[in-house]
K.L.:
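Below are the structure tokens for one structure; questions will follow.
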Amino acid sequence: MTVRTRFAPSPTGYLHIGGARTALFCYLYARKHGGQFILRIEDTDLERSTAESVNAILEGMTWLGLDYDEGPFFQTQRFDRYNQVIDELLAKGLAYRCDCPKERLEKLRIDQMARKQKPRYDGHCRNRRVDPDRPHVIRFKNPVDGVVVVDDLIRGRVPFANEELDDLIIRRSDGAPTYNLSVVVDDLDMRITHVIRGDDHLNNTPRQINILRALGADPPHYAHVPMILGEDGTRLSKRHGAVSVIAYREMGYLPEALLNYLVRLGWSYGDRELFTLDEMIEYFDIKDVNKAPSIFNASKLTWLNQQYLQHADPARIARLLSPHLGHLGIDPSTGPELIEVVKAMAPRAKTLVELAELSAFCYRDFDSYDEASAKKHLGPEARLPLERLRAAFELMALDDWTPEQLKYTVERVAEELGLGLARVAQPLRVAIVGRAASPGIEETLRLVGKTATLRRIERALEYIASLSAG
RNA sequence: GCUCUCUUCGUCUAGUGGUCAGGACGCUGGCCUCUCACGCCGGUAACAGGGGUUCGAAUCCCCUAGAGAGCGCCA
């Protein structure tokens with residue numbers, strides 16, 4: 001039997017970090033076994049489901065590169081099928097109509113809580129005849145005794161006593177089927193072999209198995225992956241900052257970095273930290289996933305992103321960087337070749353956003369000097385080196401404005417003045433970049449270009465003069 | 001409250017009866033060096049607690065504590 005997994009988010013928000021990891025695990029497991037990965041949108045909650053959320057989820061999946069073989073399927077388009085199954089259950093006496101008013105249910109719950117019992121439906125309508133023409137819901141007749149065992153690929157054997165379960169609603173009074181029913185029917189119809197999903201569904205699983213059995217089907221394999229928690233150890237939510245996958249794209253993260261981070265959350269392969277998607281597929285096994293929840297650690301993600309930024313194809317990074325430069329009001333076509341800028345700057349940036357900021361000096365004059373850098377390198381003693389550099393640069397032909405010539409020129413000026421290279425290169429760097437950090441000085445000069453270099457040296461000289469005057 | 005689940009450095013993890021408890025991120029000392037980043041060498045820091053079983057326990061059993069999830073006409 002070929003492996004078939006599915007990712008089944010409900011479109012009530014963006015694709016979040018936890019969902020993305022579940023999707024990744026489903027994807028990897030299917031790919032590893034040469035099976036199929038299916039996307040299903042669980043939108044039976046008409047109240048909260050939105051088209052925007054569907055788009056956001058699709059966008060997230062596409063960005064991450066988690067391509068699915070079938071779908072997206074929408075549960076709202078399968079209501080007829082669910083109702084057919086519900087009617088079948090009804091006809092076979094495996095489900096029943098219930099018209100218990102909400103007040104009764106509410107009172108029941110309060111009484112049970114008061115008696116320190118788990119709130120459960122008491123089966124009041126199990127053997128009553130409820131008029132089909134009056135408002136009612138359909139409940140599944142859960143077995144009253146015995147044990148359901150969830151044989152989980154990650155948790156192991158988890159037995160549940162049927163007496164802990166109650167007769168859950170499978171069709172609402174408005175005729176819409178509920179989650180537990182539609183999931184079961186879909187997984188069955190879509191021939192899902194491995195249900196890989198969040199930990200929060202473990203308690204639902206025995207109910208679903210019971211429905212499956214009532215339908216005469218064998219349950220699929222289950223794997224419940226632990227949750228991802230925020231820095232404070234509570235369930236990841238908006239107040240922990242960015243939780244949507246798309247937010248990470250906006251913050252300048254690479255999809256492969258996010259994927260790499262996510263796969264290592266709850267899973268490992270020896271001491272290995274870096275994985276390409278193909279390597280993940282090769283090494284991943286759902287059985288190796290940890291049982292304990294893990295805390296989302298942004299600094300490790302950032303480190304991974306830097307690793308990928310360092311080794312990614314410059315042409316691709318250039319493409320991804322353009323919009324971020326745009327946000328800063330920079331048009332890359334107005335300056336040095338973007339790909340050259342990327343080659344020089346990308347290894348020093350942690351995100352695309354940072355890369356854009358660090359690269360801005362190549363395209364426009366900076367606003368002001370970094371205070372500490374100016375204080376350290378643009379004192380009176382910087383005047384002479386800068387003047388000599390200006391003179392030397394002025395004499396250079398545009399054709400000679402190459403890293404080799406520039407390096408030679410800077411070194412020569414230092415030599416002539418009997419200064420260490422740092423005493424010359426650093427003032428120059430602050431003069432043309434605005435701060436004391438940049439690629440090698442010759443590379444920096446080349447990117448800035450002759451005109452801007454001379455203009456900025458002039459500015460630095462004025463700055464130095466203003467210090468002694470002021 | 002009830003049911004289920006989980007528990008190794010701050011964080012992600014390796015470990016499946018005998019290890020100086022390993023790696024990674026972070027933090028940190030140093031080297032490299034025109035600066036930054038990278039890289040390299042080093043440091044920091046953990047078996048939740050208590051009982052057993054065993055010659056020997058992070059590893060097996062029990063209890064306690066803490067954490068998470070579920071208990072909806074949400075998914």
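Note: hydrogens, waters and symmetry copies are ignored here, and every other heavy atom, side chains too, is used. Lettering of chains follows the sequences in order, A, B, ..., and the numbering in each one begins at 1.
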K.L.:
Tell me whether A:E42 is salt-bridged to A:R6, with the criterion being a basic N under 4.0 Å from an acidic carboxylate O.
P.N.:
no
K.L.:
Side chains of A:N204 and A:Y179 only: does a donor on one sit below 3.5 Å from an acceptor on the other?
P.N.:
no
K.L.:
Roughly how many Å apart are B:G15 and B:C4, using the C1' atom of each and rounding to a whole number?
P.N.:
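Looking at atom C1' only, B:C4 and B:G15 are 27 Å apart.
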K.L.:
Measure from CD1 on A:I211 to P on B:A75 and round the result to the nearest Å.
P.N.:
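Interatomic distance, CD1 of A:I211 to P of B:A75: 13 Å.
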K.L.:
Could you state the CD-P distance from A:E411 to B:U35, rounded to the nearest angstrom?
P.N.:
13 Å
K.L.:
If you count heavy atoms of other groups shown closer than 6.0 angstrom to CD of A:Q310, is the number above 12?
P.N.:
yes
K.L.:
Taking the ring centre of each residue, are A:F25 and A:F284 less than 6.0 Å apart?
P.N.:
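Under 6.0 Å, so yes.
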K.L.:
Using whole Å, what does the distance between atom P of nucleotide B:G70 and atom CE of A:M113 come to?
P.N.:
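From A:M113 CE to B:G70 P: 14 Å.
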K.L.:
Go through B:C4, B:C73, B:G39 for me and flag the one nearest to the A:V137 side chain.
P.N.:
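Taking heavy atoms from C-beta onward, the closest nucleotide is B:C73.
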K.L.:
Partner lookup for B:A57, please. Criteria are Watson-Crick or G-U wobble with both distances under 3.5 angstrom; report none if nothing qualifies.
P.N.:
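Result: none.
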K.L.:
Grab the CD-P distance between A:E273 and B:G22 for me, whole Å please.
P.N.:
16 Å
K.L.:
Using the P atom on both, measure B:C31 against B:A37 and round to a whole Å.
P.N.:
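The answer is 15 Å between these two P atoms.
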K.L.:
When all nucleic acid strands are considered with a 4.0 Å heavy-atom cut-off, which category describes A:S268: base, sugar-phosphate, or nothing?
P.N.:
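Sugar-phosphate, no base atom in range.
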K.L.:
Does a salt bridge link A:D152 with A:K291, judged by any charged N lying under 4.0 Å from a carboxylate O?
P.N.:
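No, A:D152 and A:K291 are not salt-bridged.
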K.L.:
Please state how far atom CG in A:L262 lies from atom C1' in B:U13, giving the value in whole angstrom units.
P.N.:
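Going from A:L262 (CG) to B:U13 (C1'), I get 15 Å.
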K.L.:
Can a donor-acceptor pair be found between the side chains of A:Q75 and A:D43 at a distance below 3.5 Å?
P.N.:
no
K.L.:
Between the protein and nucleotides 6-11 of chain B, which nitrogen or oxygen pairs are less than 3.5 angstrom apart?
P.N.:
none

K.L.:
Quick check: does any side chain N or O of A:Y363 sit under 3.5 Å from a backbone N or O of A:P336, one acting as donor and the other as acceptor?
P.N.:
yes
K.L.:
Looking for any heavy atom pair under 4.0 Å, which part of the strands does A:E164 touch: base, sugar-phosphate only, or nothing?
P.N.:
sugar-phosphate
K.L.:
Can you confirm if the NZ or CZ of A:R207 lies within 45° of the ring axis of A:F160 and under 6.0 Å from the centre of its six-membered ring?
P.N.:
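Judged by the rule, A:R207 and A:F160 form no cation-pi pair.
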K.L.:
Using a cut-off of under 3.5 Å, enumerate the N/O to N/O pairs linking the protein to nucleotides 31-34 of chain B.
P.N.:
| from | atom 1 | to | atom 2 | distance (Å) |
| --- | --- | --- | --- | --- |
| B:C34 | O2 | A:R429 | NH1 | 3.0 |
| B:C34 | O2 | A:R429 | NH2 | 3.0 |
| B:C34 | N3 | A:I441 | N | 3.2 |
| B:C34 | N4 | A:E442 | OE1 | 3.2 |

K.L.:
Among B:C73, B:A75, B:U13, find the nucleotide with the atom closest to the side chain of A:I169.
P.N.:
B:C73
K.L.:
Which residue lies toward the 5' end of RNA chain B, A:H201 or A:Y121, if each is placed at its nearest nucleotide?
P.N.:
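Nearer the 5' end of the strand: A:Y121.
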K.L.:
A:Q306 has a side chain; which of B:U35, B:C12, B:C38 sits nearest to it?
P.N.:
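Comparing B:U35, B:C12, B:C38 against the side chain of A:Q306, the answer is B:C38.
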K.L.:
Would you measure the distance from the C1' atom in B:U54 across to the matching atom in B:C41 and give it in whole Å?
P.N.:
42 Å
K.L.:
Do the side-chain N or O atoms of A:Q307 get closer than 4.0 angstrom to the phosphate oxygens (OP1, OP2) of B:G39?
P.N.:
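For A:Q307, the contact criterion (side-chain N or O under 4.0 Å from OP1 or OP2 of B:G39) is met.
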K.L.:
Got a second to check how far A:S182's OG is from A:D187's CG, nearest 0.5 Å?
P.N.:
9.5 Å
K.L.:
Can A:N260 and A:Y308 be counted as having a side-chain donor-acceptor contact under 3.5 angstrom?
P.N.:
yes
K.L.:
Between the side-chain atoms of A:D200 and the base atoms of B:A75, is any donor-acceptor pair under 3.5 Å?
P.N.:
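Counting by modelled atom types and ignoring angles, no donor-acceptor contact under 3.5 Å is found here.
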K.L.:
How about A:S438 and A:T444: does a side-chain donor come under 3.5 Å of a side-chain acceptor?
P.N.:
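Checked: A:S438/A:T444 side chains pair up, N/O donor to acceptor below 3.5 Å.
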K.L.:
Across all strands shown, which nucleotide pairs with B:U7 by Watson-Crick or G-U wobble geometry, both distances under 3.5 Å?
P.N.:
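Per the H-bond distance test, B:A65.
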K.L.:
If pairing requires Watson-Crick or G-U wobble contacts with both distances under 3.5 Å, which nucleotide is the partner of B:C34?
P.N.:
none
K.L.:
In whole angstrom, give me the gap between the P atoms of B:G23 and B:A14.
P.N.:
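To the nearest whole Å, 15 Å.
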K.L.:
Need one value for A:T44: base, sugar-phosphate or nothing, where a base atom within 4.0 Å counts as base even if backbone is also close, heavy atoms only.
P.N.:
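Since only primed, P, OP1 and OP2 atoms lie under 4.0 Å of A:T44, the category is sugar-phosphate.
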K.L.:
In whole Å, I'd like the distance from the CG atom of A:L229 to the P atom of B:A67.
P.N.:
12 Å
K.L.:
Is the shortest distance from a Lys or Arg side-chain nitrogen in A:D166 or A:K118 to a carboxylate oxygen in the other one below 4.0 Å?
P.N.:
no
K.L.:
Distance check, C1' atoms only: B:U44 and B:G22, in whole angstrom units.
P.N.:
16 Å
K.L.:
For A:D111 and B:C2, give me the distance from atom CG to atom P, rounded to whole Å.
P.N.:
17 Å
K.L.:
Using a 4.0 Å heavy-atom cut-off, does A:K102 contact any base of the nucleic acid, only the sugar-phosphate backbone, or nothing at all?
P.N.:
base
K.L.:
Within the 4.0 Å limit for protein heavy atoms, which parts of nucleotides 41-48 of chain B are touched? Write it as a string from 5' to 3', B for base, S for sugar-phosphate only, - for none.
P.N.:
--------
K.L.:
Answer yes or no: does a side-chain N or O of A:S438 lie under 4.0 Å from OP1 or OP2 of B:U35?
P.N.:
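For A:S438, the contact criterion (side-chain N or O under 4.0 Å from OP1 or OP2 of B:U35) is not met.
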K.L.:
Applying a 4.0 Å non-hydrogen cut-off, can you work out what A:P119 is touching in the nucleic acid: base, sugar-phosphate, or nothing?
P.N.:
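Counting heavy atoms under 4.0 Å across all strands, the contact made by A:P119 includes a base.
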K.L.:
B:U19 pairs with which nucleotide, Watson-Crick or G-U wobble, both distances below 3.5 Å?
P.N.:
none
K.L.:
When you compare B:U59 with B:C47, how far apart are their C1' atoms, in angstrom units rounded to a whole number?
P.N.:
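Per the computed distance, 10 Å lies between those C1' atoms.
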K.L.:
In whole angstrom, give me the gap between the P atoms of B:A58 and B:C20.
P.N.:
13 Å
K.L.:
With respect to A:D99, which candidate in A:H124, A:R104, A:H136, A:R128 satisfies the side chain to side chain donor-acceptor pair (under 3.5 Å) definition?
P.N.:
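For A:D99, the side chain to side chain donor-acceptor pair (under 3.5 Å) test succeeds with only one of A:H124, A:R104, A:H136, A:R128, which is A:R128.
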K.L.:
When the ring centroid of A:Y463 is compared with that of A:Y369, is the distance short of 6.0 Å?
P.N.:
yes
K.L.:
Hunt down the Watson-Crick or G-U wobble partner of B:G1, both distances under 3.5 Å, from any strand shown, or write none.
P.N.:
B:C71
K.L.:
Taking a pair as Watson-Crick or G-U wobble with both distances under 3.5 Å, which nucleotide is matched to B:A14?
P.N.:
none
K.L.:
Just checking A:K118: base, sugar-phosphate only, or nothing, at a heavy-atom cut-off of under 4.0 Å?
P.N.:
base
K.L.:
Looking only at atom types and distance, does a side-chain atom of A:T22 sit under 3.5 Å from a main-chain N or O of A:G18, one as donor and one as acceptor?
P.N.:
yes
K.L.:
For the C1' atoms, the ones on B:C71 and on B:C9, what distance do you get once it is rounded to whole angstrom?
P.N.:
37 Å
K.L.:
Any idea which of B:A75, B:C73, B:G22 is nearest the A:S173 side chain?
P.N.:
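The answer is B:C73.
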K.L.:
Base, sugar-phosphate, or nothing: which does A:R48 touch, judged by heavy atoms less than 4.0 Å apart?
P.N.:
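If one applies the 4.0 Å heavy-atom cut-off, A:R48 turns out to touch a base.
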K.L.:
Write down the distance between CG (A:D186) and P (B:A75), rounded to a whole number of angstrom.
P.N.:
13 Å
